[in-house]
Amino acid sequence: MRLTPTRADKNEKVKNVNLSTALLNPSSIHGGLYAPTKLPKISAKAWRDLSALSYEKLALAIISLFKFDIDEASFKKALRRYKNFDRPNIPVEFKRLGKNLYINELYHGPTRAFKDMALQPFGEILSKLAQKRGENYLIMCATSGDTGPATLQTFANAKNIKAICLYPTGGTSEVQRLQMVCMPGENLKVFGIKGNFDDAQRALKTLLASQNFKSELAKNRLLLSAANSVNFGRILFQIVYHAYAYARLLKLGKLGKNESFDIIVPSGNFGNALGTYYAKKMGAKIGKIKISSNANNILTELFTTGIYDLRNKTLVKTISPAMDILLSSNVERLLFDKFGAVRTKELMDELDKNKFYKLKAHELAALKEDFEANFCTDEECEGYINSWAKKGVAIDPHTATCLKMVDSSRINVITSTAHWVKFTPSMLKACDVKVKGGEKEGLKKMAEILNDTVPKAIDALFDAPILHPEVIAQSQIENKILEWIKK
Ligand SMILES: *Cc1c(COP(=O)(O)O)cnc(C)c1O
């Protein structure tokens, strides 16, 4: 199978690419992305067979159906990265929380956020491709806290890859900061940026557009790629765990004949939710995909009114920072799948130009066939965290946004995206607990409340050497990066 640009002019002949090309150069023409035009369909009988498989085998079976230009052995090797997760053969924990309520825990990887689910195997594949081609790639990311550690972790010591992360100083949790500044790897560099996440992201965008920067990279034989969810390579691995949720329900005998269930997804850039949508299109019996947001509720507005409106909106800082996003990149792939490349280009051009677009009534109806959306305030999230903590269940502030959308008359699966240890101060506040001392003491206290243990790797961060101490002004970024590259 090949992938198609999501934007095109009327009657324009576009060039499809194979997966390896889309992994190394994730942007397509007119500023668009790459997406599949058709998803492989899995029959009811085949789903039953899949439900007997381990996570890794299920992943391999699903990915193989796409018939991409990367061989099965490479994917198999990439999926072996899941061996570094808490339970080696079970990277995802699917648990029952109550009547009709399940939780799909995706945070048992090395950096404790669901980003590991895709970035771990993706890093392996990308490095292998670069080696095969004899090319060297620079991966840069701006992070509000979860993408940074997961990107660094997957590329640490990877051949033919250098990775740089920019994080806003004071804008991440202490654990997230330590995960980055303590990450070993000769090919990694981390800078704290004076400013907020938007500043870090803007600085990165300016840099990517700089001619001087590009020619300096070329002199050093470095090509640029991206590891965020604009890269289809990320999305591919994100289909699997939603399919796994369906497979688990089948295996447990929880679904009647032709009965469907709903999946609730805490959303920001919409990569995770897009994976759910693709799993549904592949035949998983998913009814509604429920998009949960925090106070940055632009997706709630889109799926209820058909309007995407960036005018007069500013980013609100919440206790679920990984969802503090207004420009949600992967919505574009959904528009492409529903309405085609010409209409998608029209809408995205409008958004670029007017910071606004409005879907037609029949288009909104088409989205509503698959999606519902709602949002939670921080106070509501704190209430959910508190009441579940009393039952001994840890719900992080991102996952907490899901709880408002639970419908107890049907089977609902909550997608859990982060481990609570990354957000201890918010967890403590939600539970009305004050702790003397710093984050380390807070972690201990919160673990007590939840009757949980702090993962060893997180505990060790507090005594680890700081390898990337630099905090720099936005004006220094380009020079500092070039200095490091030339070393
Ligand atoms: C990245 C992230 C999200 C948002 O996921 P998208 O795929 O960008 O929608 C939600 N929760 C956590 C904890 C995250 O790290």
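Residue numbers run from 1 in the order of the sequence given. Indexing begins at 1, ligand by ligand and atom by atom, following the structure's order.
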When the side chains of residues 111-123 are checked against the rest of the protein, which donor-acceptor pairs come out under 3.5 Å, sequence neighbours left out?
unit_1, atom_1, unit_2, atom_2, d
Thr111, OG1, Asp116, OD1, 2.9
Thr111, OG1, Asp116, OD2, 3.0
Arg112, NH1, Asp86, OD2, 3.0
Arg112, NH2, Asp86, OD1, 2.7
Asp116, OD2, Thr111, N, 2.6
Asp116, OD2, Arg112, N, 3.3
Gln120, OE1, Arg81, NH1, 3.0

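Heavy-atom contacts of Asp146 reach the following atoms of ligand 1: 12 (C), 13 (C), 14 (C), 15 (O) (cutoff under 4.0 Å). Ligand-side atoms of ligand 1 in range of Ala418: 13 (C), range being under 4.0 angstrom from any heavy atom. Shown in contact with Pro266 at under 4.0 Å from a heavy atom are these atoms of ligand 1, numbered in order with element: 4 (C), 10 (C). Every atom of ligand 1 is numbered from 1 in the order shown, and the set under 4.0 Å from a heavy atom of Phe114 is 1 (C), 2 (C), 3 (C), 5 (O), 7 (O), 14 (C).
Ile164 is not listed as a side-chain neighbour of Val190, based on a closest heavy-atom distance of 4.5 Å or more.
In terms of N/O distances under 3.5 Å, ligand 1 is not approached by Ala322. By the 3.5 Å distance cut-off applied to N or O atoms, Phe270 is counted among the residues near ligand 1. Considering both main-chain and side-chain atoms, Gly271 comes within under 3.5 Å of ligand 1 through a nitrogen or oxygen pair.
For the pair Ser229 and ligand 1, no heavy-atom separation below 4.0 Å is found.
With respect to Val181, the side chain to side chain contact (heavy atoms under 4.5 Å, CB included) criterion is satisfied by exactly one of Met183, Arg177, Gln179: Arg177.
Ion pairing of Glu448 with Lys445 is present here, as a side-chain N (NZ or NE/NH1/NH2) and a carboxylate O approach within less than 4.0 Å.
The cationic group of Lys345 does not satisfy the cation-pi geometry with Phe336, failing either the under 6.0 Å distance to the six-membered ring centre or the 45° limit from the ring axis. Figure legend: cation-pi geometry between Lys368 and Phe371 absent, as NZ or CZ is not positioned both under 6.0 Å from the six-membered ring centre and within 45° of its axis.
Here atom 9 (O) of ligand 1 lies nearest to Gly268 when heavy atoms of Gly268, Ser293, Pro397, Ser292 are compared. For atom 2 (C) of ligand 1, the choice among Lys115, Arg112, His398, Met323 with the nearest heavy atom turns out to be Lys115.
Counting only N and O atoms by type, the side chains of Tyr357 and Asp349 include no donor and acceptor under 3.5 Å apart.
Among protein heavy atoms, atom 11 (N) of ligand 1 sits closest to Thr417 OG1, 2.9 Å. The protein heavy-atom contact nearest to atom 8 (O) of ligand 1 is Asn269 N, 2.7 Å. Of the protein's non-hydrogen atoms, the one nearest atom 7 (O) of ligand 1 is Asn272 N, 2.9 Å.
Ring geometry for Phe66 versus Phe232: interplanar angle over 60°, hence perpendicular rather than tilted (30 to 60°). Taking the six-membered ring where the residue is Trp, Phe303 and Phe270 present parallel rings, their angle staying beneath 30° rather than reaching 60°.
Counting heavy atoms under 4.0 Å from ligand 1, residue Tyr107 does not touch it at all.
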